[in-house]
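Heads up: the structure comes next, in structure tokens.
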Amino acid sequence: MSDTQPGKNVPKEHIHDGIVEYDNDPPLWLTATFILSMVWGIGYLLTMHLSVAAKLGPEKLQADLAELAELRAAKDTGPLDEAAMRALSNVPERIARGEALYATTECVTCHGADGTSDSNRSGPNLRDRWWIHGSTMEDIARIIRDGANNNAMPAQGRKLSNQDIANLTIHLVSLARQGDRSGKSADPTREREAPITY
Ligand code: HEC
């Protein structure tokens, strides 16, 4: 390939194994790709690593799962299952709704405003690692819905929607995630240790 332009295809002085190197500028497509990849790289760095706009990795997965669970929950009128409630358990609106419900329904009367109960109240502490009826989200939602101990814990299933029972459960789990609080223990012969670690 010969090129008659001055300054083009001028061999450099060094020769390796008989191979001669020209001192030409890189082709335009290579320079352009190089510059574009740098521009793209800076954009990527800004949006994916430094900016608050994009959620990443586990956080993004959480958000997607919550969105999916919301879509499913909106379609289905039945009780929410464990997977759906867990996926929704960090959604701030759900926690807030559960907290508001807890405060305005009768829960406070028997479990206390902060859920730890006391000797003047009939319900057990809901913020320790000891549970009578289990500590999965389905366990907690079931007790809220169906009640327990001959309605000493009154069933809420007729008063509250499945969504709100899930929201109350989400609120209780978000409290439990803050760590154990002392309060009125339930009958020790019926309680089992089941800390909320999920
Ligand atoms: C009239 C009193 C009363 C009211 C009102 C009440 N609870 Fe209870 N709750 C109890 C008692 C008593 C128990 C223990 C039941 C048992 O001994 O099996 C209990 C148990 C529970 C449990 C299971 C605890 C465990 O250790 O397994 C949950 C969860 C719970 N209540 C949530 C709620 C929520 C949420 C509300 C409000 C919607 C509520 N309760 C309203 C008295 C009450």
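Whatever order the structure lists them in is the order used to number ligands and atoms, beginning at 1.
Using a distance-only test at 3.5 Å, with no hydrogens or angles considered, no donor-acceptor pair links the side chain of Arg127 to the main chain of Gly179. Between the side chain of Arg129 and the main chain of Ala176, no donor-acceptor pair closer than 3.5 Å is present. In this structure a side-chain-to-backbone donor-acceptor pair under 3.5 Å is present from Ser117 to Gly123. Using modelled atom types, no side-chain atom of Arg72 and backbone atom of Leu80 make a donor-acceptor pair closer than 3.5 Å. Under the 3.5 Å distance criterion, the side-chain polar atoms of Glu82 are matched with a main-chain donor or acceptor of Glu138. Panel note: side chain Gln156, backbone Pro154; a donor-acceptor pair is recorded below 3.5 Å. With hydrogens and angles ignored, the 3.5 Å screen pairs a side-chain donor or acceptor of His111 with a backbone N or O of Pro124.
Between Arg192, Glu191, Arg190, it is Arg190 that holds the heavy atom closest to atom 17 (O) of ligand 1. Nearest-heavy-atom check against atom 8 (Fe) of ligand 1 across Lys159, His111, His133 picks out His111. Across Leu168, Asn151, Ile165, Leu126, heavy-atom proximity to atom 28 (C) of ligand 1 is greatest for Leu126.
Looking only at heavy atoms of the protein, atom 23 (C) of ligand 1 is closest to Ile143 CG2, 3.7 Å. Protein heavy atom at the shortest distance from atom 34 (C) of ligand 1 is Cys107 SG, 3.5 Å. Closest protein heavy atom to atom 13 (C) of ligand 1: Pro124 CD, 3.3 Å. Here the heavy atom of the protein found nearest to atom 12 (C) of ligand 1 is Ser122 O, 3.5 Å. Considering only non-hydrogen protein atoms, atom 19 (C) of ligand 1 sits nearest to Met153 CB, 3.4 Å. For atom 1 (C) of ligand 1, the closest non-hydrogen atom of the protein is Cys110 SG, 2.7 Å. Of the protein's non-hydrogen atoms, Ala152 O, 3.3 Å is the one closest to atom 42 (C) of ligand 1.
Considering both main-chain and side-chain atoms, Asn149 comes within under 3.5 Å of ligand 1 through a nitrogen or oxygen pair. Taking any N or O of Ile132, backbone or side chain, at least one lies under 3.5 Å from an N or O belonging to ligand 1.
Close contacts of ligand 1 with Ile140, meaning ligand atoms under 4.0 Å from a residue heavy atom, involve 29 (C). Listed by number with element, the atoms of ligand 1 under 4.0 Å from a non-hydrogen atom of Gln156 are 38 (C).
Under 4.0 angstrom from ligand 1, the non-hydrogen atoms of Pro154 all belong to its side chain.
Heavy atoms from other residues, nucleotides or ligands lying under 6.0 Å from CD of Glu67 number 12 at most. Remark: Glu193 CD is packed, more than 12 non-hydrogen atoms of other residues, nucleotides or ligands lying under 6.0 Å away.
Both Met85 and Ile196 are part of a single hydrophobic cluster, where members link through side-chain heavy atoms under 4.5 Å apart.
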